[in-house]
Amino acid sequence: RRVYLGLGTNLGERAKNMAEAVGLISKLPETRVVSTSSLYQSTPAHVQDQPMFLNAALSIDTAIPPLQLMSELQKIENYMGRDRSVVRYGPRLIDIDILLYGDQSINVAKPHLEVPHPQIKQRPFVLKPLCDLCPELVMPDQGKTIHEIYRDDCTKDDSLRRIIATSKRDLILGDRTYIMGILNCTPDSFSDGGKYLDVDLAVDHAHDLILNGADILDIGGQSTRPNAPMISDEEEIERVIPVIEKLSTDEQCKGIPISIDSFRPKVVEAAMDAGADIINDISGGTLHEDMLSTAARLQVPYILMHMRGDPSTMTSKENISYDNVVETVKHEIKTQVLRSEELGILRWNIISDPGIGFAKAAPQSLELLKDMRATVPFDLPFLSGPSRKSFIQYCFQNRNRGLENELPPLSPLTPHPRVWGTAAAVTASVFAGADIVRVHDVREMIDVVTVADKIVRTHCR
């Protein structure tokens, strides 16, 4: 039967508690984890003097009967160290409830089990995660779908926030757009190749990005411009690991998550050991057979980008042929998300990226920017990376001025020729609801994002 569970924690490393609980549930006999919701942070109910809670929902297929399942879940809670002597509604390391068990209504006195959970309508931190998994499911004995109950009957909680959990900080989504600053430790990236190959120069640039407002640093050692030569795992590691090691212990970088921009499992593992927090995979798991299983084992946020082919083939006629680029990108991302979940990546760790400029002609990148939210399956958080991409120059091609090959050499204080085109694309991304924008020019884009957020996000006003 399809069963839905509610998870909650407000002690210790909350996201790790949740992931451990899911892992233990997956080991129950005749049980398969299907999917997870996003993670949501909520204020404590009833007992206010305690830390904020982290909540999620989990769908499983199981043959375990309801009362036995409740017993097995309580064993997991005990194994993880839940203290049952604390006051009701008090702090807890882990709490696992059966929310729905197929279409059954259950009310047993001893041991007490009531399904659907009797307080669902009073708990937005339960209903909102359920909406991620089964919005159209009709609640037993209610005659309404989960979404309708959340919309019509649930007491709303303005403090409920979806989050992306990293080891350095939780990114609270919805209130503002986060800025990911690009740090390319490469000799041949399309825009800034060769500038930050030296470790000290790379660290200095990271400091500048943070000073100018970057919330996340994205560090890469393999150029992914069209036809860029592929380097070995070892060379990529040599480029990025010394930088990550320095930044992960750097006081100026305290609280700043580090993303490793790589599609190679060996590089990603080395980066995590050095202090990285997020995986940014331009291939969405398609370029290396072990990438998704590696991300599942590491259980960190995973940016799943859409791309066809590899950097040497992504601009081929076959790879840029779409009947409808928006619908196709969504379908292909969805396919990879489902594959990721089958291999053990928790959905709350997945961030979607439509891959602007990767296996897309310029008009197709513009179509994605025009309707970016429609590329996102399962209402996942999403990232937009339009910075300095060639579609911007495409927009300028019929102008009599502003062509890059007619511009004088840039001084260190001169904005990049594509910076204002990037600003327009970043604004479109914010208006589409992007949770993160990945940019080179943080100093300029922080103002763009701040104003765009004020326009479209009510919590920013």
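All of these numbers come straight from a predicted model, not from anything done at the bench.
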> Do Ile278 and Ile258 make a side-chain contact, defined as non-hydrogen atoms from C-beta onward lying under 4.5 Å apart?
no
> Within 45° of the axis and under 6.0 Å from the centre of the six-membered ring of Tyr322, does NZ or CZ of Arg308 qualify?
yes
> Do you know the tightest heavy-atom contact between Ile98 and Leu73?
CG1-CD1, 3.8 Å
> Does the side chain of Leu130 reach to within under 4.5 Å of the side chain of Asp132, using non-hydrogen atoms?
no
> Let's go through Arg162 and Ser38 carefully: what are the C-alpha distance in whole Å and the side-chain angles of both, what is the deciding distance for side-chain hydrogen bond (donor to acceptor under 3.5 Å, both in side chains) to 0.1 Å, and is it a yes or a no?
CA-CA 7 Å; Arg162 181 160 68 166; Ser38 291; 3.2 Å; yes
> I'd like to know if Lys168 and Asp277 make a salt bridge, using a cut-off of under 4.0 Å between side-chain N and carboxylate O.
yes
> Quick one: does Arg418's side chain have a donor or acceptor within less than 3.5 Å of a partner on Arg388's backbone?
yes
> What verdict does the salt bridge (charged side-chain N to carboxylate O under 4.0 Å, His left out) test give for Lys330 and Glu327, after you've listed the backbone C-alpha separation in whole Å, the side-chain angles of each residue and the deciding distance to 0.1 Å?
CA-CA 5 Å; Lys330 179 177 182 176; Glu327 291 181 3; over 6 Å; no
> Salt bridge or not for Lys246 and Asp250, using N-O below 4.0 Å?
no
> Taking the side chain as every heavy atom from C-beta outward, state whether Ile350 and Ile345 have any atom pair closer than 4.5 Å.
yes
> Work out which heavy atom in Ala206 is nearest to a heavy atom in Leu217; give both atom names and the distance.
CB-CD1, 3.9 Å
> Between Ser248 (side chain only) and Gly275 (backbone N and O only), is there a donor and an acceptor less than 3.5 Å apart?
no
> Should Val376 and Ile333 count as side-chain neighbours, where that means a heavy-atom distance under 4.5 Å?
no
> Considering only distance and modelled atom types, tabulate donor-acceptor pairs under 3.5 Å from the side chains of residues 9-25, sequence neighbours left out.
residue	atom	partner	partner atom	Å
Thr9	OG1	Asn17	ND2	3.0
Thr9	OG1	Leu93	O	2.6
Asn10	OD1	Arg92	N	2.9
Asn10	ND2	Gln50	OE1	3.0
Asn10	ND2	Pro51	O	3.1
Glu13	OE1	Lys16	NZ	3.4
Arg14	NH1	Gln41	OE1	3.3
Arg14	NH1	Met52	O	3.2
Arg14	NH2	Gln41	OE1	2.9
Arg14	NH2	Asp170	OD2	2.8
Asn17	ND2	Leu11	O	2.7
Asn17	ND2	Leu93	O	3.4

> Please round to the nearest 0.5 Å and tell me the distance separating atom CG of Asp218 and atom CD1 of Ile179.
13.5 Å
> Would you say Ile164 and Pro381 make side-chain contact, with heavy atoms under 4.5 Å?
yes
> Using only heavy-atom distances, determine whether the side chains of Arg347 and Ser35 contain a donor-acceptor pair under 3.5 Å.
yes
> To the nearest 0.5 Å, what is the distance between CD1 on Ile303 and CG on Leu383?
5.0 Å
> So, are Arg176 and Asp215 salt-bridged, with charged N and O less than 4.0 Å apart?
yes
> Verify side-chain hydrogen bond (donor to acceptor under 3.5 Å, both in side chains) between Thr186 and Asn184, making sure each step is shown before the conclusion.
CA-CA 5 Å; Thr186 61; Asn184 287 320; 5.1 Å; no
> Do the numbers put Arg161 on top of the ring of Tyr40, so that NZ or CZ is under 6.0 Å from the six-membered ring centre and no more than 45° off the axis?
no
> With a 3.5 Å cut-off and no angle check, do the side chains of Asn319 and Ser316 form a donor-acceptor pair?
yes
> Assess the side chains of Asp310 and Ser312: does a donor N or O sit below 3.5 Å from an acceptor N or O?
yes
> Are the side chains of Leu369 and Phe391 in contact, using a 4.5 Å heavy-atom criterion?
yes
> Are the side chain of Ser387 and the backbone N or O of His440 linked by a donor-acceptor pair below 3.5 Å?
yes
> Verify the neighbour count for atom CD of Gln74: are there more than 12 heavy atoms of other residues, nucleotides or ligands below 6.0 Å?
yes
> Which atoms form the tightest heavy-atom contact between Ile94 and Ile96, and what is the distance?
CG1-CG1, 4.0 Å
> State plainly whether the residues Arg239 and Glu236 are in salt-bridge range, i.e. N to O under 4.0 Å.
no
> Hey, is the main chain of Ala361 close enough, under 3.5 Å, to the side chain of Gln364 for a donor-acceptor pair?
yes
> Just jot down the salt bridge (Lys or Arg N to Asp or Glu O under 4.0 Å) partners of Lys370, sequence neighbours excluded, or say none.
none
> For Ser365 and Gly357, indicate whether the former's side chain and the latter's backbone hold a donor-acceptor pair under 3.5 Å.
yes
> Heavy atoms only: give me the nearest Thr427-Ala452 pair and the separation to one decimal.
CG2-CB, 4.4 Å
> Can you see which heavy atom on Pro386 is nearest to which on Ser429, and at what distance?
CG-OG, 4.3 Å
> Do Arg32 and Ser26 have side chains that get closer than 4.5 Å, going by heavy atoms?
no
> Below 4.0 angstrom, N of the basic side chain to O of the carboxylate: do Arg373 and Asp379 qualify?
yes
> Distance-only, no hydrogens or angles: does the Gln299 side chain make a donor-acceptor pair with backbone N or O of Ala296 under 3.5 Å?
yes
> Between Ile356, Asn280, Asp353, which is the residue that forms a side chain to side chain contact (heavy atoms under 4.5 Å, CB included) with Arg438?
Asn280
> With distance as the sole criterion, is a donor-acceptor pair present between the side chains of Tyr178 and Asp435 under 3.5 Å?
no
> So which heavy atom on Pro129 is nearest to which on Ala56, and how close?
CB-C, 3.9 Å
> Is Asp233 salt-bridged to Lys266, going by a charged N under 4.0 Å from an acidic O?
no
